[in-house]
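Below, read A as the first sequence line, B as the second, and so on, with proteins coming before strands; counting in each chain starts at 1. As a basis for the values below, the full set of heavy atoms in this structure was taken, side chains included, without hydrogen atoms, waters or symmetry mates.
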Amino acid sequence: MIARMSTEENPAAEPAPVIDVQGDGRWMSQHNRFVQECKDAEPDVLFVGDSMVQLMQQYEVWREVFSPLHALNFGIGGDTTCNVLWRLQNGELENIRPRVVVLWVGTNNHEHTADQVAGGILAIAKLVLSRLPKSKMIVLGLLPRGEFPNPLREKNAAVNNLLRASLPQLGPVQFIDVGGSFVHSDGAISSRDMFDFLHLTASAYRTISMTLHELLLQMLEEMPQERRALLV
Amino acid sequence: MSADSNPAASPSPCQDIQGDGRWMTLHNRFVSDSKGKEPDVLFVGDSLVQLLHEFEVWRKLFSPLHALNFGVSGDATQHVLWRLINGELDYISPKVVVVWVGTNNHGNTPEQICGGIMAIVSVIHQKLPHAHTLVLGLLPRGKSPNPLRERNASVNALVQAEVASLSHVSFLDVDPGFIHSDGSILHQDMYDYLHLTQQAYQKVCQPLYERIKSLLDKQAP
């Protein structure tokens with residue numbers, strides 16, 4: 001199903017920057033900073049995506065668990081698959097050779113169907129794997145959102161199902177869904193896990209970081225570290 | 001400027017265009033949470049208020065003051081106004097209300113934004129005649145100088161002037177000097193040139209805490 005959808009048909013796979021309507025150019029400032037970081041740093045792990053990625057870096061867990069893995073964080077709040085695609089095509093994959101790329105995006109694609117969103121995520125994964133042929137990827141499933149069951153939960157679950165089926169065909173890509181523990185038996189999500197029923201609290205980030213960290217360690221151990229000289 | 005002619009002072013809920021009803025859920029939670037609590041301090045505003053709750057500094061400085069946090073990311077003055085009129089002040093009697101909102105009022109003039117903030121101040125005074133309202137200045141934003149910084153600075157000047165003559169309101173500029181000599185704001189302070197890092201919240205919150213404490217001490221128990 002996904003393979004049929006080409007870029008021309010899928011708006012979620014069309015690279016697009018965020019236009020500065022507010023007037024302070026913040027999105028482009030962040031993108032430019034990430035491009036500069038690519039010139040200065042040699043990350044082993046690259047995180048890219050929306051606020052789910054960006055906010056993770058603001059909590060202690062980032063410093064404790066991911067910084068030691070030499071990880072860079074290229075998350076921007078509000079980003080859709082189109083925005084992440086644009087950023088990765090315009091400098092955010094230059095000059096770096098991360099061994100693992102962690103991708104988490106899709107929950108902000110409000111204009112697109114589940115099929116289109118999954119297609120957008122696949123397009124990003126294909127781009128990353130083609131630019132970084134020796135890298136592996138972890139794609140995180142979209143989390144449930146909203147305090148009670150609602151159409152966006154269904155949509156995000158549908159995206160996850162499509163990804164689960166199609167990602168492995170792309171190559172060294174692992175899909176993980178860390179959202180299961182957040183929905184209680186009555187269908188409610190607690191504000192202790194998502195303070196606004198979308199974004200994670202510090203303790204929820206800790207919970208998902210355990211799984212993510214384990215998988216990252218596993219992947220990094222499986223891959224012989226290339227000597228830097230060979231990368232020039 | 002009447003409420004009719006000022007959209008920033010015209011109470012409006014946020015419409016659920018995304019489909020998960022989160023804004024109304026949060027509002028309803030704030031109302032129901034307030035029924036069981038007796039906060040001495042209420043923080044109300046946008047994401048700068050909401051995110052404050054998620055960092056250690058909240059637990060260290062503001063929880064001990066018995067503070068509640070009614071921040072909602074993305075809120076502009078008209079949204080906060082609606083929330084306060086529609087239940088969020090009905091079951092509590094905090095001694096101090098901290099208001100921090102205005103930076104999301106895109107398309108409004110500084111005069112309109114000031115009008116929106118003053119409308120909020122007025123509603124708080126009507127519902128809680130014994131409370132003191134502390135309005136926080138809007139922070140600068142964006143990596144480099146830009147029109148929003150000018151707009152926010154103008155709002156601050158206007159609000160500061162308006163509250164000068166009111167005994168139940170005061171204004172506090174919480175910017176510890178985020179703008180460097182070259183005009184830039186560092187991502188170590190604002191990771192997206194709008195929202196504060198933990199280290200930036202520490203810098204903002206210490207003087208804020210002192211001011212709140214002194215206001216609480218002044219108020220008769």
**Request:** Look at atom CD of Glu214(A) and say whether more than 12 heavy atoms of other residues, nucleotides or ligands are closer to it than 6.0 Å.
**Result:** no
**Prompt:** Given Glu54(B), which of Leu55(A), Thr201(A), Asp196(A) fulfils the side chain to side chain contact (heavy atoms under 4.5 Å, CB included) condition?
**Reply:** Thr201(A)
**Item:** From Tyr191(B) atom OH to Ile76(A) atom CD1, the distance as rounded to the nearest 0.5 Å
**Value:** 12.0 Å
**Prompt:** Between Ile17(B) and chain A, which part of the residue has a heavy atom less than 4.5 Å away: side chain, backbone, both or neither?
**Reply:** neither
**Top contributor to chain A interface from Leu51(B), Asn104(B), Val72(B), Asp192(B) [non-hydrogen pairs under 4.5 Å]** = Asp192(B)
**Request:** Measure the CZ-NE2 distance between Phe195(A) and His53(B) for me, rounded to the nearest 0.5 Å.
**Result:** 10.5 Å
**Complete:** If you tally heavy-atom pairs under 4.5 Å between each of Glu147(A), His199(A), Arg26(A) and chain B, the highest tally belongs to Arg26(A)
**Asked** With a cut-off of 6.0 Å (strictly less than), are more than 12 heavy atoms of other residues, nucleotides or ligands near CD of Glu56(B)?
**Response** yes
**Prompt:** Side chain, backbone, both or neither: which part of Arg29(B) has an atom under 4.5 Å from a heavy atom of chain A?
**Reply:** side chain
**Fill in**
In short, Pro151(A) meets Gly19(B) closest at the heavy-atom pair CD-O, 3.6 Å
**Complete:** Whatever's closer than 4.5 Å to a heavy atom in chain B on Gln57(A) counts as neither
**Item:** Note, Tyr193(B) side chain near Gln30(A) side chain (heavy atom, < 4.5 Å)
**Value:** yes
**Message:** Counting only non-hydrogen atoms closer than 4.5 Å, does Ser191(A) touch chain B with its backbone (N, CA, C, O), its side chain (CB onward), both, or neither?
**Reply:** side chain
**Message:** Just verifying a value: how many Å separate Asn146(B) CG and Gln22(A) CD, rounded to the nearest 0.5 Å?
**Reply:** 10.5 Å
**Among Lys143(B), His195(B), His106(B), residue most engaged with chain A (heavy-atom pairs, under 4.5 Å)** = His106(B)
**Prompt:** Between the main-chain N or O of Asp20(B) and the side-chain N or O of Arg145(A), is there a donor-acceptor pair closer than 3.5 Å?
**Reply:** no
**Request:** Using non-hydrogen atoms and a 4.5 Å limit, figure out which bit of Arg33(A) sits close to chain B: side chain, backbone, both or neither.
**Result:** side chain
**Message:** Please check if the number of heavy atoms outside Glu38(B) that lie under 6.0 Å from its CD is greater than 12.
**Reply:** no
**Asked** Got Asp24(A) and Arg149(B) here, is their nearest side-chain heavy-atom distance under 4.5 Å?
**Response** no
**Asked** Taking every heavy-atom pair that is under 4.5 Å apart, which of Gln58(A), Glu60(A), His110(A) has the most such pairs with chain B?
**Response** Gln58(A)
**Asked** Between Gly23(A) and Pro147(B), which heavy-atom pair has the shortest distance, and what is it?
**Response** O-CD, 3.6 Å
